[in-house]
Amino acid sequence: MNSINPINAVMPEDIQKRLKLVKERVEAAALSSDRDPKTVKLVAVSKTVPVDRVHAAIKAGVTMLGENYVQEAREKIEALGKERVSWHFVGHLQSNKAKYAVKLFDLIHSVDSLKLAKELNKRAGALGKAQDILIQVNISGEETKSGIDTEQTLNLVRGISPLENIAVRGLMTMPPYFNAPDKVRPYFKALKSLQTLIRQEAIPNVDMTELSMGMTGDFVAAIQEGATLVRIGTAIFGERE
Ligand SMILES: *Cc1c(COP(=O)(O)O)cnc(C)c1O
């Protein structure tokens, strides 16, 4: 298995083809559930992917990139710029990195505590920025997963609502990993229900437009259940090391 480095097997010139296939599958999934394909945005997750391949993805038409590590993202953003793409943070964010995160990212998908939200609020305020965020929900309740518990999500959103420099745009989840999309589907449905519930509360400064769910193995089911942002790495860039 380890005789070739799989990430090296995907050359920059392959990325255009792979991206085209992914976009076709995204579109087909939307149409299969009577959704307008334009309502599903593709975030290409480029963690561990070298700059030349990320550049190839941008040239091939990627407009949103997702990164998991602040330092790695900073280097890529310095190399590639922010003009043609918006950069999203999808990994676990520690409060002590909030300062950098607000400088670098248009959307932070992974806010799961009031402490982190307050730190982001403070740092965004210092920059004169309104920081868009999603609330990461631990929809499966697994102890090892990051994210706020489902039952505590509404309370967290209420707590964030008064923070002036933070705008809640929706919810994100990472369901347990299953190879069978139908096993993850209930978790996607649950996130959609939670979105509906919070939306009904009409909390000031909170819009529940976005649902960030679905990765390489399960994005079709996620789109069918209402995803507006799918986070896809492997299908575009190949296996990570
Ligand atoms: C790595 C990662 C992805 C992309 O996963 P793939 O299975 O490679 O598509 C999506 N979301 C998050 C939070 C990730 O860490």
Side-chain angles (χ1 to χ4, degrees), residues 5-10 14-15 17-29 40-50 53-54 56-57 60 62-74 76 85-94 97 101 104-113 116 132-140 142 144-148 169-181 183-185 187-188 191 210-241:
N5 175 352
I7 211 160
N8 283 335
V10 174
D14 295 330
I15 285 174
K17 274 185 245 148
R18 295 175 73 106
L19 180 67
K20 184 163 174 277
L21 281 173
V22 168
K23 284 184 169 171
E24 284 166 6
R25 290 177 63 203
V26 166
E27 193 176 317
V40 186
K41 288 160 290 198
L42 174 63
V43 181
V45 177
S46 50
K47 60 169 175 267
T48 79
V49 177
R53 269 157 250 174
V54 181
V62 157
T63 58
M64 293 178 178
L65 286 160
E67 286 282 337
N68 291 57
Y69 309 101
V70 171
Q71 182 55 32
E72 182 186 336
R74 183 151 65 161
K76 286 181 191 165
V85 272
S86 79
W87 293 86
H88 293 196
F89 190 76
V90 302
H92 179 68
L93 185 60
Q94 286 163 322
K97 301 270 169 66
L104 296 170
F105 301 108
D106 296 313
L107 182 64
I108 297 171
H109 290 228
S110 49
V111 176
D112 62 358
S113 71
L116 175 59
D132 287 338
I133 65 161
L134 306 178
I135 306 298
Q136 182 173 358
V137 183
N138 181 0
I139 203 81
S140 62
E142 291 169 292
T144 53
K145 279 265 156 65
S146 13
I148 181 93
R169 298 293 182 202
L171 305 176
M172 178 272 220
T173 201
M174 299 235 332
Y177 184 76
F178 287 116
N179 270 323
K183 292 213 166 133
V184 292
R185 197 179 290 274
Y187 299 109
F188 296 145
L191 196 72
E210 307 294 349
L211 272 188
S212 169
M213 56 187 195
M215 312 184 356
T216 291
D218 57 18
F219 70 84
V220 172
I223 291 168
Q224 290 170 340
E225 300 306 332
T228 64
L229 291 160
V230 287
R231 309 179 309 266
I232 300 180
T234 308
I236 297 169
F237 296 109
E239 294 286 343
R240 289 178 294 274
E241 279 172 64

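All ligand and atom numbering here is 1-based and tracks the order in the structure. Note that the coordinates shown come from a computational prediction; the quantities given were computed from them, not determined experimentally.
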Asks: Kindly write out the residues that satisfy side chain to side chain donor-acceptor pair (under 3.5 Å) with R25, not counting sequence neighbours, or none if the list is empty.
Replies: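 With sequence neighbours excluded, R25 shows a side chain to side chain donor-acceptor pair (under 3.5 Å) to no residue whatsoever.
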
Asks: Charged N to carboxylate O under 4.0 angstrom, E24 versus K20?
Replies: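 So E24 pairs with K20 through a salt bridge.
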
Asks: Under the ring pair (Phe, Tyr, Trp, His ring centres under 6.0 Å) test, which residues partner F219, sequence neighbours left out?
Replies: none

Asks: Show me a pair-per-line table, with atom names and distances to 0.1 Å, of protein N or O atoms that are under 3.5 Å from an N or O of ligand 1.
Replies:
{"from": "ligand 1", "atom 1": "8 (O)", "to": "T234", "atom 2": "N", "distance (Å)": "2.8"}
{"from": "ligand 1", "atom 1": "8 (O)", "to": "T234", "atom 2": "OG1", "distance (Å)": "2.5"}
{"from": "ligand 1", "atom 1": "8 (O)", "to": "R240", "atom 2": "NH1", "distance (Å)": "2.8"}
{"from": "ligand 1", "atom 1": "8 (O)", "to": "R240", "atom 2": "NH2", "distance (Å)": "3.2"}
{"from": "ligand 1", "atom 1": "9 (O)", "to": "T216", "atom 2": "N", "distance (Å)": "3.0"}
{"from": "ligand 1", "atom 1": "9 (O)", "to": "T216", "atom 2": "OG1", "distance (Å)": "2.5"}
{"from": "ligand 1", "atom 1": "9 (O)", "to": "G233", "atom 2": "N", "distance (Å)": "2.8"}
{"from": "ligand 1", "atom 1": "11 (N)", "to": "R231", "atom 2": "NE", "distance (Å)": "2.8"}
{"from": "ligand 1", "atom 1": "15 (O)", "to": "K47", "atom 2": "NZ", "distance (Å)": "2.7"}
{"from": "ligand 1", "atom 1": "15 (O)", "to": "N68", "atom 2": "ND2", "distance (Å)": "2.7"}

Asks: Who are the salt bridge (Lys or Arg N to Asp or Glu O under 4.0 Å) partners of K41, not counting sequence neighbours?
Replies: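 For K41, the residues satisfying salt bridge (Lys or Arg N to Asp or Glu O under 4.0 Å) (neighbours in sequence not counted) are E210.
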
Asks: Looking at K97, I want to see if its NZ is surrounded by more than 12 non-hydrogen atoms of other residues, nucleotides or ligands under 6.0 Å.
Replies: no

Asks: Per the side chain to side chain contact (heavy atoms under 4.5 Å, CB included) rule, which among V230, T228, D218, L211 passes with I223?
Replies: V230

